[in-house]
Peer 1: 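This is the structure I want to talk about, given as structure tokens.
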Amino acid sequence: DTQISASLKAGHLREGLEPSPGAEPAVAAETVEDKVLVCARCHSLRHYGHVKHPDAERLLPDFDFVAAVGPRLASPSGARSLVLLLVDAADFDGSFPRAVARLVAAAGEAHHKDWKHGAPANLPRALLVVTKLDLLPTPSLSPDDVHAWAHARARAGAGADLRLAGVHLVSAARGWGVRDLLDHVRELTGARGNVWAVGARNVGKSTLLNAIARCSGVAGRPTLTEAPVPGTTLDVIKVDGVLGAQGKLFDTPGLLHGHQLTSRLTSEEMKLVQVRKEMRPRTYRIKTGQSIHIGGLVRLDVEDLTVGSIYVTVWASPLVPLHMGKTENAETMIKEHFGLQLQPPIGQERVKELGKWVRKQFKVSGSSWDTNSKDIAIAGLGWFGIGLKGEAVLGLWTYDGVDVLSRISLV
Ligand code: GDP
């Protein structure tokens, strides 16, 4: 800062670069001793904890992992490539990096025919890393079940024969599973491996890589930016020291998933939607002709039932209000309450900006009241757990382009 303002005062900057009176310099500098130039966005993140433009995260361009890293995965030098596919436990299907998983699966398929004595040394391998495990209601879940569930969901998400070298359930916030993951990465890559960490924005990649770096004893290096706003890594970054002298660990920019509801929210709205603590269930018993709203973001209608009622459990951020009522009042809810009592969106004018309100139908059947039969997951938000004895026809309303799917229940 000192250097820049001194330059400005002394008129050292070219005329065209000189800011108008009162305007902030386009570039902010770290202390002179560090001699590191930091862009205004990073400066703002580091010193104020947010970027100045509240919507900057939504407006950032996406990173094309397949084009940028794909050709480097099958290294001719024989160095092992390992891709860490990071997935958020609280938004598994929404955050799953499909295109990258397909790339890894396709590389395996292409080589499969030629395997005579096991996989070729330069075939890229992948580990599935489920982050933020502490957000799930872990006391009521068996790790083996979550493990098997995650493996099955990853295969479904890749839509191909994805061969995983392993599945890791981790929480960087609690330090769960970080050491095991690091040991496995070292074992798989040997001394000269290239490891690529990839995941959707906000999946917890920076937090995990910092935890891995700490675990490997890397000290005194600048840590990666962990921030309450997603997408804080803008280019591929090499994380030194973690994998020994020759191994390379690369952090890649967070992927922008347009099908995640969060990708179209403002930072204020994101604060309401992001889950920060262990998720708590909110359960309703509902009948045909009734609906549940999650804020002004999603509505589930019970359209038809072969039984009297069903149990619907909402797994989403506790900061998003829920509303149960008659489906016949749904239009009034949109006009009068979306953006006001039912937030996000924050403000009625944001309702239209989020897109067209569309319906997808699901037929669900189950044989017990005690356990959920199916989940209906909404990318970037959470899921409904459906418990029923019989059959149900459900209508799920949300904004066009947001991914909604039914899956085997997690909890
Ligand atoms: P990135 O965009 O993928 O690099 O994600 P960050 O590492 O910046 O994390 C995004 C948000 O998730 C931040 O608010 C983190 O504090 C939070 N987060 C990251 N890891 C964990 C975790 O293990 N548990 C919980 N509860 N939150 C986490």
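Numbering of residues begins at 1 and proceeds along the displayed sequence. Read the numbers this way: they start at 1 and go in the same order the structure lists the ligands and their atoms. Everything numeric in this text was worked out from a predicted model, so none of it was measured.
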Peer 1: Which bit of R276 gets closer than 4.0 Å to ligand 1, counting heavy atoms only: side chain, backbone, both or neither?
Peer 2: both

Peer 1: Out of K287, Q290, R285, which one pairs with S309 under the side chain to side chain donor-acceptor pair (under 3.5 Å) rule?
Peer 2: R285

Peer 1: Would you call P345 and L297 a side-chain contact if the rule is heavy atoms closer than 4.5 Å?
Peer 2: yes

Peer 1: To the closest 0.5 Å, what do you measure between CG (L261) and CD (E269)?
Peer 2: 9.5 Å

Peer 1: Counting only heavy atoms, which portion of N202 has something under 4.0 Å from ligand 1: side chain, backbone, both, or neither?
Peer 2: both

Peer 1: For S171, state whether at least one heavy atom is located under 4.0 Å from any atom of ligand 1.
Peer 2: yes

Peer 1: Tell me which one of G175, S206, G254 gets a heavy atom nearest to atom 4 (O) of ligand 1.
Peer 2: S206

Peer 1: Can you check whether T207 has an N/O within less than 3.5 Å of an N/O in ligand 1?
Peer 2: yes

Peer 1: What donor-acceptor contacts under 3.5 angstrom involve side-chain atoms of residues 373-386, with partners at least two apart or in another chain?
Peer 2:
residue: D375; atom: OD2; partner: R407; partner atom: NE; Å: 3.1
residue: D375; atom: OD2; partner: R407; partner atom: NH2; Å: 3.2
residue: D375; atom: OD2; partner: L410; partner atom: N; Å: 3.0

Peer 1: Measure L135 to ligand 1 on non-hydrogen atoms and call it side chain, backbone, both or neither using the 4.0 Å cut-off.
Peer 2: side chain

Peer 1: Looking at N329, V302, T327, which one forms a side chain to side chain contact (heavy atoms under 4.5 Å, CB included) with S291?
Peer 2: T327

Peer 1: If I apply the N/O under 3.5 Å rule, does R201 come out as touching ligand 1?
Peer 2: no

Peer 1: Suppose we screen for side chain to side chain donor-acceptor pair (under 3.5 Å). Which residues come up paired with T138, at least two apart in sequence or across chains?
Peer 2: none

Peer 1: When you measure from the heavy atoms of A172 to every atom of ligand 1, does any distance fall below 4.0 Å?
Peer 2: yes

